[in-house]
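Just so you know, residue 1 is the first one in the sequence shown, and it goes up from there.
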Amino acid sequence: MTENRKKPQEAELHFEKNEDGDWILREKNLPETLTQDVLNVTITALDGSRRSFPVFRQAAGNYGEYSEYMKRHGCACCSLTTLLAAYREEYTNLRPNDTACQVEKEIFGEALWLRNYRKHIARQMPVSLYGISRILEHYGISHRYVGAFRDEEAEKEIRAHLLKGYPVVIETSRMKRNNGRIVRFMDKKYAGSYHTMILLGIDCEGQVIFTDSAHRDWAGNWQRLKKAELTELISYMFPRKNEADTHVYFSRRKNTGGYLLIEE
């Protein structure tokens, strides 16, 4: 497979302060469709500074020899690449396949990296939230990993964080919860199995604008960026039960989950 190098499409968002002093994310210049393989989302802050978040699509043929891995397991790698490209200048042009074959190997060590990628493609695993946290820490990107959480407390903390103008990385599953109890086991609205995405901010209608590497029919033309109520997203998230776990690749449900608060 040859790597897809089509010119990325551009989208602009900007923060405004409302009467309560909250940072509200507004659409400025968006294409009619957000279905492309790479969407560069540039966000302008109140002080005029700009940060670009390249959002990648998990699609066959886009990433050379890593194309099948990205299609099956690449959501976390795509999100991690978005963060590294946005927060570290040396990685402005980083691609998800570069992250998988270079960054992960360097930070996790070759032996651990090989243990994952030498498996059959079906058994290779995505980077866990803990693994993402390890890489962000290595590059000095300020953040906090929240593993165990109660829904009400998580909603309050994530909302407050977004309204300060900072992103949040979340992991969803195909199981929908209500007050901690699973109410639907095969609800695939936000994940075929498990799925990593980045919440960028809250718009003037109170909805969260978030990145997504996967295509969802319900989202229509809004694919690389989507919108949802925070309460709904949290109902598909899940807490990390084993907070002492150190698997850098997804191992089992109890060892992952939670969310990452980016603090810069």
If we ignore hydrogens and angles and just use 3.5 Å, is the side chain of [X] paired with the main-chain N or O of [Y] as donor and acceptor?
| X | Y | value |
| --- | --- | --- |
| Arg134 | Phe108 | no |
| Gln124 | Asn116 | no |
| Ser79 | Cys75 | yes |
| Thr92 | Glu89 | yes |
| Trp218 | Lys189 | yes |

Per-pair distances, 0.1 Å, donor-acceptor, side chain in residues 237-252, under 3.5 Å, sequence neighbours excluded:
from	atom 1	to	atom 2	distance (Å)
Arg240	NE	Asn242	O	3.4
Arg240	NE	Asn255	O	3.1
Arg240	NH1	Glu243	O	3.4
Arg240	NH2	Asp245	O	2.4
Asn242	OD1	Ala244	N	3.4
Asn242	ND2	Asn255	OD1	3.0
Glu243	OE2	Ala148	N	3.2
Asp245	OD1	His247	ND1	2.6
Asp245	OD1	Asn255	ND2	3.4
Asp245	OD2	His247	N	3.0
Asp245	OD2	His247	ND1	3.2
Tyr249	OH	Glu104	OE1	2.7
Ser251	OG	Asn255	ND2	2.8

Note, [X] side chain near [Y] side chain (heavy atom, < 4.5 Å):
| X | Y | value |
| --- | --- | --- |
| Val38 | Val55 | no |
| Arg72 | Ile121 | yes |
| Arg253 | Tyr194 | yes |
| Val208 | Leu233 | yes |
| Leu25 | Ile202 | no |
| Glu12 | Arg50 | yes |
| Cys101 | Tyr66 | yes |
| Ile141 | Arg88 | yes |

Of the non-hydrogen atoms in [X] and [Y], which two are nearest, and what is the gap between them?
| X | Y | value |
| --- | --- | --- |
| Trp113 | Ala100 | NE1-O, 2.6 Å |
| Pro54 | Thr82 | O-OG1, 2.6 Å |
| Val127 | Ala76 | O-CB, 3.2 Å |
| Glu171 | Gly257 | OE1-N, 3.4 Å |
| Asp37 | Ala59 | OD1-CB, 4.4 Å |
| Gln223 | Ala219 | NE2-CB, 3.7 Å |

Task: Residue of the set Arg216, His195, Glu232, Lys226 for which side-chain hydrogen bond (donor to acceptor under 3.5 Å, both in side chains) holds with Tyr190 - done: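 So the option named by the test is Glu232.
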- [ ] List the steps, then state whether side chain to side chain contact (heavy atoms under 4.5 Å, CB included) holds for Lys17 with Leu46.
- [x] CA-CA 8 Å; Lys17 221 168 205 179; Leu46 295 179; 3.8 Å; yes
When rounded to the nearest 0.5 angstrom, what is the spacing between [atom1] in [X] and [atom2] in [Y]?
| X | Y | atom1 | atom2 | value |
| --- | --- | --- | --- | --- |
| Lys105 | Leu114 | NZ | CG | 6.5 Å |
| Thr35 | Asn221 | OG1 | CG | 6.5 Å |
| Glu157 | Arg144 | CD | CZ | 4.5 Å |
| Lys71 | Tyr63 | NZ | OH | 13.0 Å |
| Leu163 | Asn18 | CG | CG | 7.5 Å |
| Thr42 | His14 | OG1 | NE2 | 13.5 Å |

Between [Y] and [X], is there a salt bridge with N-O shorter than 4.0 Å?
| X | Y | value |
| --- | --- | --- |
| Arg159 | Glu155 | yes |
| Asp203 | Lys227 | yes |
| Asp187 | Arg174 | no |

Open item on the list: Hydrophobic clustering (ILVMFWY, side-chain heavy atoms < 4.5 Å, transitive) - are Tyr236 and Ile198 grouped together?
Closed with: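 Not linked; separate clusters.
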- [ ] Examine Met197 and Tyr130 and state if one hydrophobic cluster contains both, with Ile, Leu, Val, Met, Phe, Trp and Tyr joined whenever side-chain heavy atoms are less than 4.5 Å apart.
- [x] no
Task: Step-by-step salt bridge (Lys or Arg N to Asp or Glu O under 4.0 Å) determination, Arg177 to Asp151 - done: CA-CA 10 Å; Arg177 300 179 304 106; Asp151 290 2; 2.8 Å; yes
For [X], does the [atom1] atom have more than 12 heavy-atom neighbours from other residues, nucleotides or ligands under 6.0 Å away?
| X | atom1 | value |
| --- | --- | --- |
| Arg51 | CZ | yes |
| Lys119 | NZ | yes |
| Glu90 | CD | yes |
| Glu264 | CD | yes |

Are a donor atom and an acceptor atom from the side chains of [X] and [Y] found within less than 3.5 Å of each other?
| X | Y | result |
| --- | --- | --- |
| Ser213 | Arg57 | no |
| Tyr117 | Tyr69 | yes |
| Tyr91 | Tyr139 | yes |
| Thr256 | Ser128 | no |

Open item on the list: If we check side-chain contact (heavy atoms from CB on, under 4.5 Å) with Thr196, which of these qualifies: Leu80, Thr211, Ile170, Val169?
Closed with: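 Going through the options one by one, the only one that passes is Val169.
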Open item on the list: Applying side chain to side chain contact (heavy atoms under 4.5 Å, CB included) to Ile132 and Leu129, what does each step give before you reach the verdict?
Closed with: CA-CA 5 Å; Ile132 292 176; Leu129 284 186; 4.2 Å; yes
- [ ] Report the relative orientation of the aromatic rings in Tyr166 and His161; use parallel for angles under 30°, tilted for 30 to 60°, perpendicular for over 60°.
- [x]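 Ring orientation of Tyr166 relative to His161: tilted.
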TODO: Could you tell me if the ring centre of Trp222 sits under 6.0 Å from that of Phe210?
DONE: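 Not under 6.0 Å, so no.
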Task: Validation row, ring centre Trp23 to ring centre Phe15 under 6.0 Å - done: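 That pair passes the under 6.0 Å test.
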Task: Chi angles and distances behind the side chain to side chain contact (heavy atoms under 4.5 Å, CB included) call for Thr44, Leu13 - done: CA-CA 6 Å; Thr44 303; Leu13 305 172; over 6 Å; no
- [ ] Test side chain to side chain contact (heavy atoms under 4.5 Å, CB included) on Leu199 and Ile158 and set out the steps.
- [x] CA-CA 9 Å; Leu199 313 184; Ile158 291 173; 3.9 Å; yes
TODO: Start with the C-alpha distance between Tyr259 and Phe149, add both sets of side-chain angles, then the distance that settles ring pair (Phe, Tyr, Trp, His ring centres under 6.0 Å), and finish with yes or no.
DONE: CA-CA 9 Å; Tyr259 50 93; Phe149 67 84; 5.7 Å; yes
